[in-house]
Amino acid sequence: MAKTKKSKAAKKKAVTTKKTAPVKKADMESTVKKAIVSIQPEPIKAIVPVEAMVKAIQPVANADKPARDISYDPQAIEKKWREKWEEDKLYRSVIDESRPKHYALTMLPYTSGDLHFGHWYPMAPSDARARFKRMNGYNVLFPIGFDAFGLPAENAAIKRGIHPKEWTYKNIDNMRRQLKGMGTMFDWEREAISADIEYYKWTQWFFIQLFKHGLAYRKMAAVDWCPKDNTTLAREQVVGENRVCERCGTPVIKKDLEQWFFRSTKYADELLRFDGIDWPERVKTLQTNWIGRSEGASVIFKTEAGDDIEIFTTRPDTLWGATFMVFSPEHPLVDKITTPEQKSVLDEYKIQAARESDIEREAVGGEKTGVFTGSYAINPVNNERIPIWIADYVLMSYGTGAIMAVPAHDERDFAFAKKYALPIVEVIRPDGGSEAEEDDPSTGSGQRMQAAYIGPGVMVNSDPFNGTKVNTEKGRKNPGIAAVIDWLEAQGIGKESVNYRYRDWLISRQRYWGAPIPMVYCKTHGWNPVPEDQLPVTLPDDVEWKPTGESPLKLHPSWKNATCPICGEPAVRETDTMDTFMCSSWYHLRYLSPDYDKGPFDEAEYNYWMPVDTYTGGIEHATMHLLYTRFFHKAMRDAGIVEGNEPMMQLRNQGIILGEDNEKMSKSRGNVVAPDELVAMYGADALRAYLMFAYRWQEGGLWNSNGIEGTFRWLRRVWTIFTESGDSSRRIAIASDSPATASDETKRTLRRRVHQTLRRVSGDFEQFEFNTIVSSLMELLNEMYKAREAGAAGTPEWKEATEIYLKMLAPIAPHIAEELWTNQLGRPYSVHQQPWPKVDEAAAKEDVIELPVQINGRVRDRITVPVEASEEEIRSAALASEVVQKYLEGRQPKKVILAHRRLVSIVV
RNA sequence: GCCGGAGUGGCGGAAUUGGCAGACGCGCACGACUCAAAAUCGUGUUCCCUACGGGAAUGAGGGUUCGAUUCCCUCCUUCGGCACCA
């Protein structure tokens, strides 16, 4: 596709260069394209002077008709109005008990340097919707800030040799300017930056609250380590089947380290419930799968020496079929139970398993390997003596690190048993299966089984449960499993149990650019939090922040020296910093009162604004930020700091805008389109409208720079109809005393279209259907051109149409709407403070309805009847139609169906 | 393998949730204006045929229905997530 376009453009270019045209559009286009698509490490600069490009695409006022002022110059009006709005504090949000509040939140940007479509695409429609809500009488809070700590800032700073702080704050200045250029209604007085001392002081304070409530703890564990970024990562930040670092794509390795964790798993069950919140099913599913709840039972097996071996199983109904046990190579009992003659084989296997990365393990193609320990366990349900093996398909990180193996009814155990010739005992027989069928490979038992059977059936070889029916339900919903669990509990050898894939949140980072963890270690008193009145623990500027593999703060000569808050003796600070996702777990609270210094937020502001009513942002955060912030809120609720069970009531995710090459936009791929260039050419209004119009917002898609011409033309046509309304110039748009030449029918139709559009647009804003909002407004404009042609200009209906039109346009294209409202219509400033118009249902109603008439499922004719026509009248009108009579050929119709007064269907 | 999105003209997409498939826009073609170009305005634009008429078509095939892009079944493609989870 790209190829074809290129060659077309090249052809065009060849043609135009032959002639000596003063303005060569093809030339200009290709130059611009080059400018915005090429690989540019620095913020992209225009190759062609911006003014020249803008002039080139502006319609030049025709010298013959000086009265016609049709030059829509977005650059001029956009800048003018933004300055005016800022000066007037038009978007300042303050508590107002007399109005309902609406907290609209869009995910805060990371301070990566440039605002790109990844920012515009969610923000522009979110801004439009926030404006819509405001016009609908809500006191809207729509704040913005910056996620300023973290690895990317530090890595970029290292690459450029400047301090992360300097790099970050420079980027913030640039991004703030760009954000303002979008024409958003952000309340800049509520801006919050996570790297500000006043901000991270409270991030640290929250850490201490978590610690005090037993939700922050330090433990030695095998953790994920990114060898490129030189830091540990949370489980959520290791992605993909190759288990790579979420930030840099490097495969992670396991390291045994003592780290700080948040006890997020305590909330696993509550995080699975989404009661009372309106979140997309997709996000709920992702989070549910991530938490990975499994119901089953824990059962205590014993070694022959009498040690307990706890295992977890989702299939306690198959306990009688456990013919061996498998331990993870790292299981603590392994050394103890290994017999002397097996020791050397086992040690070798363990070393090999430890050396192999997860990828290499998988590369074997699922082939299972293992080694016999030489020891045996006793199966508590039937006292069978069964061998204990170790194998790396059993993970220490899930369950107890030991499993009972039931080869007859588990595929992995089956493969393992076949490979090492271990016994296979059938304990679930398929419905209808019998002894006689035992030779049938699919239902037979013993070594004749060809595959594990995992379907429903009847328990066999399982005294005292023989004959018990088992289905495929999980947990207690399965009667067979429920019966076995009850029995296990009565026998005292097991109990109902639940396991999760979800892990506690590892928050230590061995990096400089983050909020220091406010903990101090004393030889006598261990780890204690820095007293709250001594916060913040300030991040020092004079640190060798370049990577060494050690935490940079550790290398500072004096920073880590502290005193123990208990005894006052010398102690050392924690030198790790916090995961930046901790900073972003509470930013929506800092927006409430960014300058407040008596706490993380002002309670009065909290009580008025929280919870967040509408949250918009990317789905890529489903199992990271969106899960962290829910955990954080619930933990702080239990600490008595916040209220309610959920922080964000409604969530909507936009899709991703990919580069023209179907790849995610990134500088390294060279497929980044810079919004600044398009703003310079078409204005922020056209770009906002284009981003709303071009895609289903939830889906996203491939970027296409050409399409913006369409929304730009639309806005220019809007401009034209408001500024050029015939002989009597601009007054005609609002005048009601001009001679109205339009027929009643024209005026009636105009009003109908206006109110129908208003109804549609209002509903679509609520539903986040942004593309049809713009298309409806385009359609209405086309109708207005027709109405003007028919002499509607100057009528009261025209006046109403123009006013409603600009109000509907205001959230989408705020600048042009303001200019036309205030300066062309001469209506009171500002259009953004106008109430949203009300639908006049009577006006929106149709006088007549046109119904298609189907004969045997095919549309053959259309009839027009008055809206108030009875069903009987519609039927006879349909049958009276000449076309219908022709098709009937004198026969009587079998059936005449009138569907919702929308269609007549005749069956012959 | 499991879970979840999505498949509609050359392209982005619409279709009041079972009722006229292709709104709106891009692109393209032709026309008007122009010495000419750009811009603008107008007309046309799913495909096929023997063309003022008729037929086919919403990833493929089947089903329910007077009627299916929409509901059900079986596949296919594609995107995302999880994955030796016991």
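First the proteins, then the strands, lettered A, B, ... as listed; each starts at 1. Given the structure is predicted, the values throughout are model-derived calculations rather than measurements.
Look at CG on A/N706: it is 9 Å from P on B/C28, rounded to the nearest Å. In this entry the distance linking CG of A/L286 with C1' of B/G81 reads 5 Å, nearest Å. Between A/E709 atom CD and B/A38 atom P the separation is 13 Å, expressed in whole Å.
Ring orientation note: the planes of A/W279 and A/F274 are tilted relative to one another, at an angle of 30° to 60°. Note on ring orientation: taking the six-membered ring where Trp is involved, the planes of A/F722 and A/Y805 are tilted (angle from 30° to 60°).
At the heavy-atom level, A/N782 lies under 4.0 Å from the strands shown only through sugar-phosphate atoms. Heavy atoms of A/R503 sit nowhere under 4.0 angstrom from any nucleic acid atom. Here A/G370 lies out of heavy-atom contact (under 4.0 Å) with every strand. Among the protein residues, A/W290 comes within range of the sugar-phosphate backbone only, with heavy atoms under 4.0 Å from sugar or phosphate atoms but none that close to a base. Residue A/E779 is classed as a sugar-phosphate contact, given heavy-atom separations below 4.0 Å to backbone atoms only. Within 4.0 Å of A/R412, counting heavy atoms only, lies at least one base atom of the nucleic acid. Within 4.0 Å (heavy atoms only), A/R293 reaches no atom of the nucleic acid at all. Counting any heavy atom pair closer than 4.0 Å across all strands shown, A/S905 reaches a base atom. At a threshold of 4.0 angstrom between heavy atoms, the contacts of A/D410 with the nucleic acid are absent.
Nucleotides B/G54 and B/C2 place their C1' atoms 50 Å apart, quoted to the nearest Å. With C1' as the reference atom, B/U77 and B/G22 are 23 Å apart, rounded to whole Å.
OP1 or OP2 of B/A39 has not a single side-chain nitrogen or oxygen of A/R717 nearer than 4.0 Å. For the OP1/OP2 pair of B/C26 and a distance below 4.0 Å, the side-chain nitrogens and oxygens of A/N704 include no atom meeting the criterion. Close to B/U40, at under 4.0 Å from its OP1 or OP2, lies a side-chain N or O of A/R716. Between A/R902 and B/U16, a side-chain N or O to OP1/OP2 separation shorter than 4.0 Å is absent. OP1 and OP2 of B/G81 both lie 4.0 Å or more from every side-chain N or O belonging to A/T285.
Figure legend: A/R412 and A/Y393 shown without cation-pi pairing, the cationic atom not lying both under 6.0 angstrom from the six-membered ring centre and within 45 degrees of its axis. Remark: A/K368 is not positioned above the aromatic ring of A/F416, lacking an NZ or CZ atom under 6.0 angstrom from the ring centre and at most 45 degrees off the axis.
Using a cut-off of 4.0 Å between Lys/Arg side-chain N and Asp/Glu carboxylate O, A/E295 and A/K474 are scored as not salt-bridged.
Proximity of the aromatic rings of A/W703 and A/Y690 is defined here by a centroid distance below 6.0 angstrom, and this criterion is met.
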Bracket notation of RNA chain B in which parentheses pair within the strand, [ ] cross earlier pairs, and | pairs with another strand (Watson-Crick or G-U, under 3.5 Å) | (((((((..(((......[....)))((((((.......))))))((((...))))..(((((..]....))))))))))))....
